[in-house]
Amino acid sequence: MVVDVKTRETSEVETEQLATGCEAIAEAIRLADVDVMAAYPIRPYDGVMQAAAKLIANGKMDVEYIVADGEHSQFEIVKHACAVGSRVFVGSSGVGWFYAFEAIAVTAGLRLPVVAICGNRALDDPGAFGTEHNDSLAVRDLGWLLPWAETAQEALDLALMAWRVGEDRRVSLPVAIGLDGAFLTHSQHIVKIPTQAAVQRFLPKFDLGDRLLHPDNPITIAPQVDQDWLMEIRRQNDHAMRQALGVIREAHADFKTIFGRGGDSPFLDEFMTEDAEVVVIGQGTLSLPMKVAIRRLRKEGHKVGLVRLKWFRPFPTEEVVRSLGRFKAIGVVDRDYSFGSPFYGGVLYNEIRSALYSQASRPAIVGFIAGLGGREIEQPMATEIFEKTEAAARTGLPAGDVCHWIGVRE
Amino acid sequence: MADEKSISVEVVYRGIFQKTLAQRICRSIVLASRKKGHTGTAFSRYGDSPERNGVPAKQFAIVAVDEIELEASMAKYEPAVVDISVAVDDTLVKGVESWAWYGRQPIWKPIREGGTLLVTSEKTPGEIVAQSDRTPKPYTLGIVPGGASFAGLWVYKDDHTDYRVLGALAKVAPRWLPLEAAKQAALDLAKGDRSAAASVQYGYDATVLRQVGAGEGTDGHEKLQFTKPGWTTMRPGIVVDARKPGQRNPQYKKYTARTQRPVVNFDTCIKCTMCWLDCPDECFEVTPEGHYEVVYEACIGCGICAQVCPVKDCIVMVDELKFADNRDRWQDWKKDRGAYNTWFEKVSGVPADPKAAAPASAAGGDD
């Protein structure tokens, strides 16, 4: 039987699709002309697997699609493929992400720009599939760039940004895009699909230069080293992460020019902050219930707003400090936990607190742990978050707890 | 010693083969001085682990009058300066190269001015000084009689090298290791075997001391030193250049691992390729005539070539201290066969012509 492979359909104009976050990512894989992707099923990452496999089966995408025997191999496959010059994509979720941890750690050390998604999901046990950010955040110190998407559209856009920034020779670091499980990965929204030509203008060809592992370029990658070398290697990674901030700004400006989207700041998305006295800050899909609450509270006269952090690594300290320094009080909503941390706060809470420490004007900061395991942040919870933050603005920080668990049964 | 509050001793040894020996010496130093109320620590160098056959490694013992002085001496994990260095294989005096980018360090490098180098050897002090790098500082050389002990290989077979070294240490550092304390520590280690104490006494009595003045020593050894690059000049991504075909590692030569070297009788060589094929360090080069010359800068002296060579006495393993440099010997043979063969017989102790009788004497040094 002769299999009739359809020629790839390319559109000359930007189109629209009703797509899940996972499907939007699959479209980004197609548009970026990825060479190798590795797959191993785990919810919600399996959504990307299915969407990508469908694009391949329908003749719309040509990618080496490797199903691994587990997440560790999955991440090793793309790491090696990347070293020989392939543009790669990979992803996982929750405990699958942790099973790949060794490969994840070395990928950053090797400065290989693997682009991944982490479909944020609660860590087992107990088995749960809903959003928690601890999987992504576990790699926060290792040299992975960590952006978080709010919508399916932003998932696609951030993926294109990820290859552009990660593969930039000044950065050359892996990127893991955080996608909130269920809320983003599995709900469908209207997504604008750019043209291949526009993507090609934005995304140059992947070029590792003299680091390409190839018979014509004999090199050894990652020999055993001792204390004579390791600190210099770590310092190089530190420098690359510092460079990344500027490269993200450049890429964001180009993105806006070419695609006409992306907002004012590459790092922060502000909502009704202009005259706000109290804001809430968080990541990912948290903004949806918060925006609804803000509109409602505004009608009641509350001067409240939202700041959404788009990149957690590199942490945009300058932008965060400049933005948050304007407010009287800040509520940090963590969809994660960091047991035993200072003030028993979440990861984001303590990072933001730390960023503001040396500032002359320091707003009161209240921490909130909310929406773990995909629990919905309902309107009464959002109200409670704003009320507690406003109280801190009025009276300063309470003597007792400065971090609250929201929506947890006593 | 100059600093009366603490003393640091290093033991330089052949990796794996002498690890247990070095450990016993370092532990004995601490335990013996403990008998005088001192305190101390013994440790090996982390960078040597995992040890490799014959590659120079180091262990240390630091003894001090009290905990505060001990901590002050331990502030730098690997001591930059030691009072006494003990080389338990005399071929180590040709230099120490422990790992890549380490360079070749003169045996006296960490010894403080006026400090002591003890070498277990059957050679004379003069022969040892002649093979040590020219020193800018004076030191005392002590020869502890005895060959290189491989007592520490796999299982500990006691040949009393540790006790003899302890006796020598009692001689050069009595303030820290009085002879009686050294004997008592040896008896403890040997579980009451009185011959151990006798060996300490022997080491004490038989160790020959000689002052080495500034300027004594040889300039014949290669100056192998590196400046390590910083993070701005290193290639990113943990990438290093691979060796080009035929190129040997310029940052790690390993020849200081050698206690013996292969010497080739080019006249009996049948060009069978076995040495070239089996050398684990690829240190043979093919000459225009099809002989195989040894690149001594790459040879670790493992002796496999001599074992696989099918011709009797064509490749002979010879004491490393008989040679002053790593130069290519095939050139000598090419220039003057007769002179080369005379030299070959002298260093190897076997006849260059297999039909001839053995040469009169195998003894005597070269160069």
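Please read all numbers here as calculations on a predicted model, not as lab measurements. Here is the naming used below: chain letters follow the sequence lines, and residue numbers restart at 1 for every chain. All heavy atoms count here, side chains included; hydrogens, waters and symmetry mates do not.
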Might you confirm whether atom OH of A:Y99 has over 12 heavy atoms from other residues, nucleotides or ligands at distances under 6.0 Å? no
Taking atom CD1 of B:I68 as the centre, does the number of heavy atoms from other residues, nucleotides or ligands within less than 6.0 Å exceed 12? no
Listing needed: what donor-acceptor pairs below 3.5 Å join chain A with chain B?
unit_1: A:D210; atom_1: O; unit_2: B:R235; atom_2: NH2; d: 2.6
unit_1: A:P218; atom_1: O; unit_2: B:A242; atom_2: N; d: 3.1
unit_1: A:T220; atom_1: N; unit_2: B:V240; atom_2: O; d: 2.8
unit_1: A:T220; atom_1: O; unit_2: B:V240; atom_2: N; d: 2.9
unit_1: A:A222; atom_1: N; unit_2: B:I238; atom_2: O; d: 2.7
unit_1: A:Q236; atom_1: NE2; unit_2: B:W231; atom_2: O; d: 2.9
unit_1: A:Q236; atom_1: NE2; unit_2: B:M234; atom_2: O; d: 3.0

Highest number of heavy-atom pairs under 4.5 Å with chain B among A:A83, A:P218, A:P223 belongs to A:P218
dist A:I219:CD1 -> B:I238:CD1 (nearest 0.5 Å) comes out at 11.5 Å
